[in-house]
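Order of appearance sets the numbers: ligands from 1, and atoms from 1 within every ligand. Every value quoted in this text rests on a predicted model; they were computed, and no experiment measured them.
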Amino acid sequence: MHHLHPLAFAPTWQRIQMDSILIQGGCPLNGSVQTSGAKNAALPLLAAAILTDKPVTFQRMPHLCDITTMITLLANQGADVSMDDQDRLRIDTAPSNNPEAPYELVKTMRASALVLGPLLARFGRARVSLPGGCAIGARPMDLHLKGLEAMGAKISVEHGYVDAKVEKKLHGAHIAFDKVTVTGTENLMMAAALADGETILDNAAREPEVVNLAESLRNMGADIENDGSSCIRIRGVESLSGGELEVIADRIEAATYLAAGLISGGEVTTRDINPDLLDTFLSRLRDAGAIVETGKDWIRCSASNRLRAVNIETSPHPGFPTDLQAQFMAIMCIAEGSSVIRENIFENRFMHVQELRRMGARIVLNGNMAVVEGVEKLSGAPVMATDLRASASLVLAGLAATGETTISRVYHIDRGYERIEEKLGQLGASIRRITPHTDMFWRPDFATS
Ligand code: UD1
């Protein structure tokens with residue numbers, strides 16, 4: 001076992017801040033690609049390590065910037081971070097003594113709020129910075145706080161920090177969410193795992209990542225039922241043990257690679273993923289005329305003709321995921337006909353539209369609705385990544401476009417896609433990363449990016 005500085009886990013933030021991705025469009029992508037562990041499943045699993053003073057190991061932990069941030073957050077609280085002899089991440093929060101999540105870390109990743117419930121359950125207090133505004137909308141955490149208050153926490157918000165305390169122990173409560181919230185459900189599920197008595201989470205999120213967390217907590221000795229439904233029951237236990245937790249496949253990553261195959265006119269297979277995780281997305285692709293084949297742990301997509309326009313609207317699982325809205329829009333940009341895309345989860349999640357238009361897409365925006373009129377071809381252009389999934393849509397558009405596309409600010413992509421240029425390169429894409437150190441002299445636009 002060797003101990004490791006958390007930042008050794010991924011490229012340093014400073015280095016990748018200025019990176020760009022250069023794509024020469026027009027090559028059909030073919031072949032198969034392995035699906036990484038899901039970022040959105042891994043983050044709550046890491047936070048769950050706070051709930052026990054025994055070591056926890058993780059399988060299929062993706063190498064991503066957001067994961068580094070969460071590990072740094074745990075290390076900052078005093079946790080011991082190491083790799084075991086099988087090269088799995090191991091976290092031991094026995095030495096943790098600082099129940100705080102500082103602004104410097106929370107500001108880069110909203111999901112840091114996931115430590116609030118576990119800290120409160122384990123230490124009886126927590127101090128977590130408010131995440132602040134976010135590019136894709138206000139994204140408040142009022143529902144997390146309301147739920148913890150119902151479980152007995154005293155919460156004040158001062159100087160940009162949430163200060164939470166509980167006299168003795170959190171107690172169970174019946175919590176009905178006004179709105180379905182994924183990390184809110186996860187936060188309260190973790191808090192309830194160690195609370196006194198029974199908690200019911202009503203109108204809970206049903207996302208597979210929530211189920212992954214419930215299964216992991218059960219592995220550690222928690223008493224949780226009905227996860228995957230909208231009414232989860234948790235009976236608090238005295239303590240949780242350590243264990244080996246396995247991160248599920250990243251359905252958003254897999255879908256993005258399937259979309260890359262389709263948009264470039266090729267055929268891509270994603271491996272190590274249960275196709276059930278992508279039911280709605282795959283059925284919309286079928287509606288558009290794609291040929292979708294599936295096996296126990298793989299999915300393959302191709303098309304013999306130009307895809308047709310299909311309408312979608314985002315909604316909580318099992319509906320169409322908001323995290324795939326931008327990628328689906330990229331496909332619709334070159335489909336035959338007009339499609340209507342409604343975003344029902346986040347109020348400002350259309351920032352890719354402006355950039356896609358610069359590549360020749362015809363999109364009209366009206367509030368939370370985008371009308372996309374498919375064009376024959378997109379044309380490569382310099383564009384800017386604005387958030388994680390928006391960036392993925394620009395990569396897809398670049399793969400389909402004629403000529404060269406440069407995407408700047410790719411640190412957004414690195415938050416959620418492991419080795420994206422390597423995986424796309426293996427499928428036949430002409431793609432490379434440019435770092436300012438090596439390329440700034442021949443690409444002077446980096447001076448301002
Ligand atoms: C998670 C995912 C993110 C995904 C989103 C929706 C993680 C780490 N991130 O984010 O990739 O896009 O689910 O599927 O899992 N809301 C409130 N008050 C709250 C909490 C949320 O009003 O206290 C609102 C939000 O503004 C949004 C909606 O509820 O409109 C859903 O957000 P939520 O499910 O909480 O998103 P996250 O959990 O942050």
Check your understanding: Looking at H144, which atoms of ligand 1 are within less than 4.0 Å of one of its heavy atoms?
Key -> 23 (O)
Revision key, fill the gap. Here the atoms of ligand 1 under 4.0 Å from any heavy atom belonging to T322 are 6 (C), 12 (O), 14 (O)
Exercise for review: Can you see which heavy atom on S391 is nearest to which on I413, and at what distance?
Suggested key: CB-CG1, 3.1 Å
Review point. Within the structure, does T183 bring an N/O atom to less than 3.5 angstrom of an N/O atom in ligand 1?
Key: yes
**Study point:** Atoms in ligand 1 flagged as close to I345, the criterion being non-hydrogen separation under 4.0 Å
**Key:** 27 (C), 30 (O), 31 (C)
Review point. Can you list the atoms of ligand 1 that are under 4.0 Å from a heavy atom of M141?
Key: 19 (C), 23 (O)
Point to revise | Ring-ring centroid check F320 F328, cutoff 6.0 Å | key: yes
Revision key, fill the gap. Rounding to 0.5 Å, atoms CZ (R125) and CG (L120) come to a distance of 10.5 Å
Point to revise | Proximity of L114 to ligand 1 by residue part, where a heavy atom lies under 4.0 Å | key: neither
Review point. Can you name the residues that form a side-chain hydrogen bond (donor to acceptor under 3.5 Å, both in side chains) with E313, not counting sequence neighbours?
Key: N344
**Study point:** G184 touching ligand 1 at heavy-atom level, < 4.0 angstrom
**Key:** no
Practice item. Can you run down the side-chain hydrogen bond (donor to acceptor under 3.5 Å, both in side chains) pairs that involve residues 47-57, sequence neighbours left out, and say none if there aren't any? Key: none
Exercise for review: Using atom types as modelled and distance alone, determine if a side-chain donor or acceptor of E343 lies under 3.5 Å from a backbone N or O of I345.
Suggested key: yes
**Study point:** Sidechain-backbone polar pair: D163 side chain, S156 backbone, donor-acceptor under 3.5 Å
**Key:** no
Exercise for review: Going by heavy-atom distance to atom 4 (C) of ligand 1, choose the closest among D323, N344, V210.
Suggested key: D323
Point to revise | Proximal ligand 1 atoms for N40, defined as those under 4.0 Å from one of its heavy atoms | key: 2 (C), 3 (C), 7 (C), 8 (C), 9 (N), 11 (O), 15 (O)
Review point. Within the structure, does T181 bring an N/O atom to less than 3.5 angstrom of an N/O atom in ligand 1?
Key: yes
Check your understanding: Between L285 and V292, which heavy-atom pair has the shortest distance, and what is it?
Key -> CB-CG2, 4.3 Å
Check your understanding: For the side chain of R433 and the backbone of E421, is there at least one donor-acceptor N/O pair under 3.5 Å apart?
Key -> no
Review point. What do you reckon, does P140 have a nitrogen or oxygen under 3.5 Å from a nitrogen or oxygen of ligand 1?
Key: yes
Exercise for review: Measure R110 to ligand 1 on non-hydrogen atoms and call it side chain, backbone, both or neither using the 4.0 Å cut-off.
Suggested key: side chain
**Study point:** Where ligand 1 meets L143 - atom numbers and elements under 4.0 angstrom, heavy-atom basis
**Key:** 17 (C), 18 (N), 19 (C), 23 (O)
Check your understanding: Using heavy atoms and a threshold below 4.0 Å, how should the contact between R349 and ligand 1 be classified: side chain, backbone, both, or neither?
Key -> side chain
Exercise for review: Determine whether more than 12 heavy atoms belonging to other residues, nucleotides or ligands lie under 6.0 Å from atom CD of Q354.
Suggested key: no
Practice item. Please confirm whether V182 comes within less than 3.5 Å of ligand 1 when only nitrogen or oxygen atoms on both sides are compared. Key: yes
Review point. Does V180 have a heavy atom less than 4.0 Å from any atom of ligand 1?
Key: yes
Practice item. Would you check, one step at a time, whether the test side-chain hydrogen bond (donor to acceptor under 3.5 Å, both in side chains) holds for E100 with Q77? Key: CA-CA 7 Å; E100 179 169 328; Q77 290 164 5; over 6 Å; no
Check your understanding: Short list, please: which atoms of ligand 1 are under 4.0 Å from a heavy atom of A111?
Key -> 8 (C)
